[in-house]
Number of protein chains: 2
Amino acid sequence: MTTPPDMTRRVTMRDVARAVDMSPMTVSRALRGDQTVNPDTREKVQAAATQLGYVYDTTAQAFRTQKSGFVAVILPSINNANFAETYRGLTDALVESGLQILLGSTGYSVEKEEALVRQLLARNPQAIVLTGGHHTDETRALLAGARVPVVEVWDLPSDPLGHVVGFSNADAMTDLVRHLADGGRRHLAFLGAEPETDRRGAARLDGLLAAAADLNLPPPKVIAAGPAPISMRHGASVVTDMGRDVTDFNALVCVSDPVAFGAMTACQRLGIKVPEQIAITGFGHFEVAAVSNPRITTVGVYASQIGSRTAAVLQDIFAGQTSPQFIDVGSELILGETS
Amino acid sequence: MTTPPDMTRRVTMRDVARAVDMSPMTVSRALRGDQTVNPDTREKVQAAATQLGYVYDTTAQAFRTQKSGFVAVILPSINNANFAETYRGLTDALVESGLQILLGSTGYSVEKEEALVRQLLARNPQAIVLTGGHHTDETRALLAGARVPVVEVWDLPSDPLGHVVGFSNADAMTDLVRHLADGGRRHLAFLGAEPETDRRGAARLDGLLAAAADLNLPPPKVIAAGPAPISMRHGASVVTDMGRDVTDFNALVCVSDPVAFGAMTACQRLGIKVPEQIAITGFGHFEVAAVSNPRITTVGVYASQIGSRTAAVLQDIFAGQTSPQFIDVGSELILGETS
DNA sequence: CCTCATATTGTTACCGATAACATGTTACCG
DNA sequence: CGGTAACATGTTATCGGTAACAATATGAGG
């Protein structure tokens, strides 16, 4: 009587090899589609693998080849249509290369980003994609020490860690302010999160202030709706709290479309006419801006393109290209009915 | 003159061990905080590790211990506030256990789900979380063969693969239809994606039909806005295309809040008064439902709780609990101004 | 001064796949 | 018919941690 087979041990290539009376090496080659293996053999191997319920062990492969098959991606939030689109663009393009995304979200905290970088680097990612150009010193040191290509997306940092795929928040704001000024809107207010908690929003604010100064508009009022992330309800409650004081301004420039939408509905509830009494603009070309009533003037940002262009940059890197790329995908002013 | 150190090789525990003149085992223990190692030794080891820029190799650990530290999570879409919330609830709760999420999104396709299951199983996840109870036979076979705990979330499948954390779409619809009927709305229409492409929506539709029959309402009209996923613009364009015909109904029950919002704004543009001429309801308690004007009557679904409860189930599983859990987190009718 | 528990560190083997190299077989050439 | 290229498969060592077990040192108790 022999020992019963251990039902808890996983099926390995060795088991498959035994079943077809071949070496594990041949099984490995057959399953990966190596052309040197005889077609008959390949078929037999595949049949045996299926029959035994063999499941390939990517961990072992990653360990042996020292290639994890991972690309680490760190986003501020996953609950944001724009970032989600970037994620999708990246995923779709990376599938073809057999790469998988290892996702982390920081909740807009650089400290959490640092912890994530540390955690994700331990997984040996073949590249790491970060959102924005603002990081802790420790993060920068970690990334400099690791031999991993870095891509920063969504902004155009002045001091890039490596490659960059993004757009200029300042340029976008310049277009937007010019449009508002052309329409006779001179008294602007900016509604966003506390700038320290949202660097991207802060960059938009800076762009707004610079553009306003360029056009000799009076200095815009800055309204902070609390720490990032802020969304529809924050936009709404700020305007509700301000009441009719919002009409001190010609235009309310919001850090994002959801915020703008909240602000707009609050205005409507207060009986303030948009855009007659106040213009409202958003940022990001979220679906709500195109469907709301009135449609919200916004800035289109090609979020999914940021993802796919990033994937293309990664392909180049894996193909041996080393010189840092700096890609500006641009943005586009999208006129709605609120300005 | 000695050979220069190979600058490309990664720093391993062996290197750290050499630096402090100890065995790699001691380094391993020190870095993991094993209490048996002398405090002085631990400090020396940590200092050397930092100094050498040592980065822990989770891949090697995963390989050796046969524990990947991964929980595979498969969602239909990441660009959906509800699923994103579930993801966040899960992540937040799992961080404490040192587990990482390996995310996949199916785009509402069971075939893509199958491919993802295959791919993710190869990473040796310690558990796998699927959305919904509808899977291909091959997927079911794969999961049955793998010795991995399975949790299905967001629905209450009649034939669960393992554990379940969800709510009853049918129950939710019963409440909703009763509310509408109480308000004198008897002629209902359901606006959703093509049922074959959206099982969750189909479950809601089934619930609606059953509830309507129970209350002796005339059979609701079913309107399909195309393959899943559908969102604001689909809701809007369906209503726009129908024009004033929508007022053939008392109430338009939408598969989700975004769809309801689109339908509502289209009504407004057509000059159809909501709720006077037609009630509109959504599903999911998205932010837009609470902020829009009028606020949309909807069903609250505790998305983040699904995530955290799922994490709790996983903890139980890792602690040895084996009997399948079946958790109904319920849902809640949230009255707005559109019904 | 010996015994034995406690504290600390070391040794060995191994997780599963695969790169690099070696071997065996067939086929075709002059 | 010997030689060699082309094809197909096998052997060995290895990636970086860590479980299991072994070994040594230290100190308390008798």
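What you see is a predicted model, and the numbers here were worked out from it, not measured in a lab. Numbered from 1 within each chain, the chains take letters A, B, ... in sequence-line order. Below, all heavy atoms of this structure are taken into account, side chains as well, without hydrogens, waters or symmetry copies.
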key: Secondary-structure notation, DNA chain C, from Watson-Crick and G-U pairs under 3.5 angstrom (| other strand)   = ||||||||||||||||||||||||||||||
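- If you take CD of Q35(B) and C1' of dT6(C), they are 15 Å apart, rounded to a whole angstrom.
- Between T26(A) and the phosphate of dG10(D), there is a side-chain N or O to OP1/OP2 separation shorter than 4.0 Å.
- Under 4.0 angstrom from either OP1 or OP2 of dT11(C) there lies no side-chain N or O belonging to S23(B).
- A search for ring-ring contact (aromatic ring centres under 6.0 Å, His included) contacts involving Y56(A) returns nothing, not counting sequence neighbours.
- Checked against the 6.0 Å centroid criterion, the rings of F70(A) and F70(B) qualify as a close aromatic pair.
- Residues forming a side chain to side chain donor-acceptor pair (under 3.5 Å) with S158(B) (at least two apart in sequence, or on another chain): none.
- To the nearest 0.5 angstrom, T12(A) atom OG1 is 4.0 Å from D15(A) atom CG.
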Between N or O atoms, less than 3.5 Å apart, protein on one side and nucleotides 16-23 of chain C on the other: list the pairs.
from	atom 1	to	atom 2	distance (Å)
dG16(C)	OP1	Q66(B)	NE2	3.2
dA17(C)	OP1	Y54(A)	OH	2.5
dA17(C)	OP2	M13(A)	N	2.7
dA17(C)	O3'	Y56(A)	OH	3.1
dT18(C)	OP1	Y56(A)	OH	2.3
dT18(C)	OP1	Q61(A)	NE2	3.2
dT18(C)	OP2	S28(A)	OG	2.4
dT18(C)	O2	R64(A)	NH1	2.7

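- Heavy-atom minimum distance, Q126(A) versus P149(A): O-CD, 3.3 Å.
- Although no hydrogens or angles enter the test, the distance criterion places a donor-acceptor pair under 3.5 Å between the side chain of T86(B) and the main chain of A303(B).
- Nucleic acid contact class of T59(B) (heavy atoms, under 4.0 Å, all strands): none.
- Straight-line distance from the CG atom of N38(A) to the P atom of dT25(C): 15 Å, rounded to whole Å.
- Between the C1' atom of dG17(D) and the CZ atom of R123(A) lies a distance of 13 Å, rounded to the nearest Å.
- Residues satisfying the side chain to side chain donor-acceptor pair (under 3.5 Å) criterion with D57(B), sequence neighbours excluded, are N124(A).
- Note: CE (M22(B)) to P (dA23(D)) measures 19 Å, nearest angstrom.
- Qualifying ring-ring contact (aromatic ring centres under 6.0 Å, His included) partners for F83(B), counting only residues two or more places apart in sequence or in other chains: W154(B).
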